Each structure stands twice: as structure tokens, then as C-alpha cells.
Amino acid sequence: MSVDAVKCAKEIYEILGERGNLIQAGCCATRLRFATADNEQVDFQGLEQVDGVKGVFSTNGQIHILLDAGMVSKVYEQFLKISGIPAAAEERADAKEQENVNLRDKIINFFSGKND
């Protein structure tokens, strides 16, 4: 059964606390990543119940949502439409963050898989 990307994105948006709690959204090949104003407002168990979500965890202040294969980009695109968060701002933030990472940290991030 195929996951409805619009429904999945809408449910994730609502559970994260909508625009009032969202700071930044991003994605990689396997997951969606979110920075929120207050992770305590987020219902992690509720996120795990969303159709298509395969896992949820938080690290370094970011919430990571693992999705079905091939769904990340579809859900991310719908999430951006629903939330109104521009992709360009996310990409600029990632580029700025990478500028501030020294060579040692870039190597560590590469081998630890944190560069995805």
C-alpha cells in the first residue's frame, strides 16, 4: 500500500507544533530533519504512528524522522508547501553551517555518517 505524501506531511507538521514551533526543516536520502523551538512540545509517539514513518529520534537538538524508501523527497516537498518554510533558506543554513565546521570535524562527520 502506498503512503499518501500529503497526509503524511500534514500529520508530521501538526505533531511538530506547526509553524509556531518550527525553526528549520531539511532532509537527506533517508530522513526528514527538523529543528524546533521546543522539542518537549513534540509527541514522539504520535510521530511514530504516522503512516510511512519507520522511526523517530532526536540528536543534537534535531528531530529525525525515518520514512519508507522513496518517500523522503515526496513528503519533504509537501511539508514545505504546507508549512511555508522555503527550501532555499534551509539550503543556505546548511551551507553556512558547513562553512563553520573545521576540517577535523568534517572528517569525523564524514566517517560517522553525519554528513548526509
Side-chain angles (χ1 to χ4, degrees):
M1 186 168 120
S2 179
V3 174
D4 181 342
V6 174
K7 183 176 185 256
C8 182
K10 186 174 191 240
E11 289 178 14
I12 290 171
Y13 177 67
E14 290 170 355
I15 293 170
L16 289 174
E18 300 183 351
R19 190 66 188 247
N21 196 37
L22 286 168
I23 295 171
Q24 184 177 351
C27 75
C28 64
T30 60
R31 70 190 77 141
L32 301 173
R33 296 183 304 241
F34 300 97
T36 61
D38 183 5
N39 283 355
E40 296 294 320
Q41 291 183 21
V42 177
D43 177 7
F44 284 84
Q45 290 179 335
L47 284 172
E48 290 178 353
Q49 299 304 310
V50 173
D51 189 30
V53 172
K54 296 300 179 191
V56 178
F57 65 94
S58 177
T59 183
N60 296 327
Q62 283 190 339
I63 297 171
H64 296 252
I65 301 175
L66 306 170
L67 296 174
D68 281 333
M71 287 304 301
V72 174
S73 62
K74 293 174 186 173
V75 173
Y76 181 63
E77 179 181 324
Q78 294 304 318
F79 186 89
L80 293 178
K81 288 179 184 177
I82 292 166
S83 69
I85 296 174
E90 184 260 340
E91 291 167 7
R92 285 193 304 270
D94 280 350
K96 182 67 174 170
E97 181 180 317
Q98 287 303 312
E99 287 176 12
N100 294 327
V101 176
N102 65 37
L103 180 59
R104 180 184 152 270
D105 289 341
K106 285 181 183 180
I107 293 168
I108 290 169
N109 288 344
F110 176 78
F111 287 108
S112 68
K114 291 183 181 179
N115 63 332
D116 63 356

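Since the structure is predicted, the reported quantities are computational estimates derived from the model, not experimental observations. Note that these values count all heavy atoms, side chains included, but never hydrogens, waters or copies made by symmetry.
- Remark: side-chain polar atoms of D38 are not paired, donor with acceptor, to backbone N or O of N21 under 3.5 angstrom.
- If you take NZ on K74 and SG on C8, they are separated by 12.0 Å, rounding to the nearest 0.5 Å.
- Counting all heavy atoms, side chain and backbone alike, A29 lies closest to V72 at O-CG2, 3.6 Å.
- Heavy-atom minimum distance, D51 versus V3: O-CG1, 3.5 Å.
- Note that the CD atom of E11 and the CD1 atom of I82 stand 10.0 Å from one another [nearest 0.5 Å].
- The two residues S83 and R19 come nearest to each other via the heavy atoms O-NH1, 2.8 Å.
- Aromatic ring orientation, F79 versus Y13: perpendicular (interplanar angle above 60°, classes split at 30° and 60°).
- Note that CD of E18 is 11.0 Å distant from CD of Q41, once rounded to the nearest 0.5 Å.
- The two atoms that bring V42 and I63 nearest to each other are CG2-CD1, 3.7 Å, heavy atoms only.
- Proximity of V53 to L66: side-chain heavy atoms (C-beta onward) are nowhere separated by under 4.5 Å.
- The structure places CG of L47 at 10.0 Å from CG of L32, a figure rounded to the nearest 0.5 Å.
- Atom CD1 of I65 is separated from atom OG1 of T30 by 12.0 Å, given to the nearest 0.5 angstrom.
- Closest approach of N39 and S58 over heavy atoms only: ND2-OG, 3.6 Å.
- Rounding to the nearest 0.5 Å gives a distance of 8.5 Å between CZ of R33 and CD of Q24.
- Closest approach of M71 to A5, counting heavy atoms only: CE-CB, 3.8 Å.
- Put simply, V75 and F44 are part of the same group of oily side chains (I, L, V, M, F, W, Y) that touch within less than 4.5 Å, one to the next.
- Placement of V6 and I15 in two distinct hydrophobic clusters is found when ILVMFWY residues are connected by side-chain heavy-atom separations under 4.5 Å, directly or transitively.
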